[in-house]
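Below, chain A is the first sequence line, B the second, and so on; all start at residue 1.
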2 protein chains.
Amino acid sequence: MVDRATTSTTKTEIPEEIAGLRMTRQRQEVYRILMEQRDHPTAQEVFLKAKDSLPNLSLATVYNCLEALVQHGIIRQVNFERESSRYCPNLREHGHFHDARTGVIHDVDFKPGCQLSDFLELPPGATIDDIEITIRGKIPTA
Amino acid sequence: MVDRATTSTTKTEIPEEIAGLRMTRQRQEVYRILMEQRDHPTAQEVFLKAKDSLPNLSLATVYNCLEALVQHGIIRQVNFERESSRYCPNLREHGHFHDARTGVIHDVDFKPGCQLSDFLELPPGATIDDIEITIRGKIPTA
DNA sequence: GCTGGAATTAGAATAATTCTTGCTATCGGT
DNA sequence: ACCGATAGCAAGAATTATTCTAATTCCAGC
């Protein structure tokens, strides 16, 4: 049985509140799964994993939790083409590289000192709220 | 009534075949709408416009046409968050700037001589098939 | 321990897109 | 010009990810 009487778990320790968001058991579990398994899972995948410790979790709750975490800037939602959304606890500004061979999504960091405006002819005076860079390509098997 | 006996129209001239794709009346119309109205319309929007000249066009056909055009590299599909796909006849490599204020999507070109690998820590040996850069931000009203 | 607001659940609803089926147009060969 | 083969099209059903709704449960503060 799972320890339900205290906040402490044998797993990763997660505070009761992050960024003003009350971390319920479901939100903790969802967040912990994202932190432990950083391969950008879908809501469905998170749901399946989370059911191990919260057997009567519902998929809607996973969506709710993910949305709450996204809204509070604790995780990021990543969309690739029209596939299911994926979720990512890496808050550093970074892009995503989809390996067409394996389907794996790698985080790719920006090189230090790089300014996007050095690259793009942005509309004059434009302010940037959010950037999404997705690259599809192949990584040699070697 | 619409001239159906010849290939020539009073509108933009479109060849009977592009990149090996037979340009049927429906595909021509879809393509012409994208070329004339370069604001990244959705399938639905293309459908509504196209119905003017092809009254018994179906939405499924618009999707078919768009897919055929995308497959043949004649247009590009653009996805933003989980919204409806949008379509773009601009084949130059470019990004998209979503103005949060107006909802308008602007094409943004890469500055000449820019290499994405100068910016990103790509996995070693990675080859790039396709890049998608989307920026959300605001453009001053002035 | 009660209570009100927030969170969760289960299932229905929604919306974009794709699939299926039967019909129609077009093409290449005669 | 005709004919069979093939590709394209239309209409509506089906699919799928996600959101919504309503009812229950949980929890923090009193």
Side-chain angles (χ1 to χ4, degrees), chain A residues 2-7 14-31 33 40-48 50-51 53-72 74-75 77-87, chain B residues 2-7 14-31 33 40-48 50-72 74-87:
Chain A
V2 180
D3 179 2
R4 290 147 87 270
T6 74
T7 19
I14 289 175
E16 301 190 16
E17 195 177 305
I18 301 182
L21 180 68
R22 204 174 108 210
M23 288 302 271
T24 63
R25 231 170 308 128
Q26 289 83 346
R27 288 176 187 160
Q28 286 186 24
E29 189 61 14
V30 165
Y31 183 54
I33 287 168
H40 310 84
T42 62
Q44 192 63 237
E45 288 164 355
V46 172
F47 175 55
L48 290 177
K51 278 230 283 216
S53 45
L54 299 169
N56 42 7
L57 181 70
S58 95
L59 179 56
T61 299
V62 173
Y63 274 107
N64 288 341
C65 292
L66 289 168
E67 198 198 326
L69 292 167
V70 169
Q71 291 308 315
H72 285 73
I74 300 167
I75 63 172
Q77 183 172 11
V78 179
N79 298 297
F80 179 59
E81 316 263 296
R82 305 226 87 241
E83 293 174 7
S84 302
S85 289
R86 296 174 173 279
Y87 298 87
Chain B
V2 180
D3 179 2
R4 289 147 88 270
T6 75
T7 20
I14 290 175
E16 301 190 16
E17 195 177 303
I18 301 183
L21 179 68
R22 206 175 106 207
M23 288 303 270
T24 62
R25 231 169 305 131
Q26 289 82 346
R27 287 175 188 160
Q28 285 186 24
E29 189 62 13
V30 166
Y31 184 53
I33 288 168
H40 310 84
T42 62
Q44 191 65 235
E45 287 164 356
V46 171
F47 175 55
L48 289 176
K51 277 230 282 216
D52 291 348
S53 44
L54 299 170
N56 43 6
L57 181 71
S58 96
L59 178 56
T61 298
V62 172
Y63 274 107
N64 287 341
C65 291
L66 289 169
E67 198 198 326
L69 293 167
V70 169
Q71 291 307 316
H72 284 74
I74 301 167
I75 63 173
R76 302 186 55 161
Q77 182 173 12
V78 178
N79 298 297
F80 180 60
E81 316 262 296
R82 304 224 89 243
E83 292 173 8
S84 302
S85 289
R86 296 174 173 280
Y87 298 86

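Side-chain atoms of B/Gln77 do not come within 3.5 Å of backbone N or O of B/Tyr87 as any donor-acceptor pair.
Checked against salt bridge (charged side-chain N to carboxylate O under 4.0 Å, His left out), B/Glu67 has no partners two or more places apart in sequence or in another chain. With sequence neighbours left out, B/Ala60 forms a side chain to side chain contact (heavy atoms under 4.5 Å, CB included) with B/Ser58. Remark: B/Arg76 pairs with B/Asp130 by the side chain to side chain donor-acceptor pair (under 3.5 Å) rule, at least two apart or across chains. The ring-ring contact (aromatic ring centres under 6.0 Å, His included) check on A/Phe80 picks up A/His98, with sequence neighbours excluded. In this structure B/Ser84 satisfies the side chain to side chain contact (heavy atoms under 4.5 Å, CB included) test together with B/Thr42, sequence neighbours excluded. Shown here are the side chain to side chain contact (heavy atoms under 4.5 Å, CB included) partners of A/Thr24, two or more places apart in sequence or in another chain: A/Arg22, A/Gln26, A/Arg27.
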Using a cutoff of under 3.5 Å, can you pull out all pairs of nitrogen or oxygen atoms linking the protein to nucleotides 6-12 of chain C, with atom names and distances?
| residue | atom | partner | partner atom | Å |
| --- | --- | --- | --- | --- |
| C/dA7 | OP1 | A/Arg27 | NH1 | 3.0 |
| C/dA7 | OP1 | A/Arg27 | NH2 | 3.2 |
| C/dT8 | OP1 | A/Thr24 | OG1 | 2.5 |
| C/dT8 | OP1 | A/Gln26 | OE1 | 2.9 |
| C/dT8 | O3' | A/Gln26 | NE2 | 3.3 |
| C/dT9 | OP1 | A/Asn56 | O | 2.9 |
| C/dT9 | OP2 | A/Ser58 | N | 3.3 |
| C/dT9 | OP2 | A/Thr61 | OG1 | 2.4 |
| C/dT9 | O5' | A/Asn56 | O | 3.3 |

Contacts under 3.5 Å, N or O only, protein and nucleotides 15-17 of chain C:
| residue | atom | partner | partner atom | Å |
| --- | --- | --- | --- | --- |
| C/dT17 | OP1 | A/Arg82 | NE | 3.3 |
| C/dT17 | OP1 | B/Ser85 | N | 2.7 |
| C/dT17 | OP1 | B/Ser85 | OG | 3.2 |
| C/dT17 | OP2 | B/Tyr63 | OH | 2.3 |
| C/dT17 | O5' | B/Tyr63 | OH | 3.3 |

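Inter-axis angle, ends of the helix from C/dG1-D/dC30 to C/dT30-D/dA1, five pairs per end, rounded to 10 degrees: 30°.
Between B/Ala43 and B/Val62, the shortest heavy-atom contact is O-CG1, 3.7 Å. Across all their heavy atoms, A/Leu57 and A/Phe47 have their closest contact at O-CE1, 3.3 Å.
Rounding to whole angstrom units, CZ of residue B/Phe47 and P of D/dA11 are separated by 8 Å. Taking atom NE2 on B/His72 and atom P on D/dA7, their separation rounds to 12 Å, with Å as the unit. Atom-to-atom, CE of B/Met23 to P of C/dC27 comes out at 14 Å; the value is rounded to the nearest Å.
To the nearest 0.5 angstrom, A/Tyr31 atom OH is 8.0 Å from A/Leu69 atom CG.
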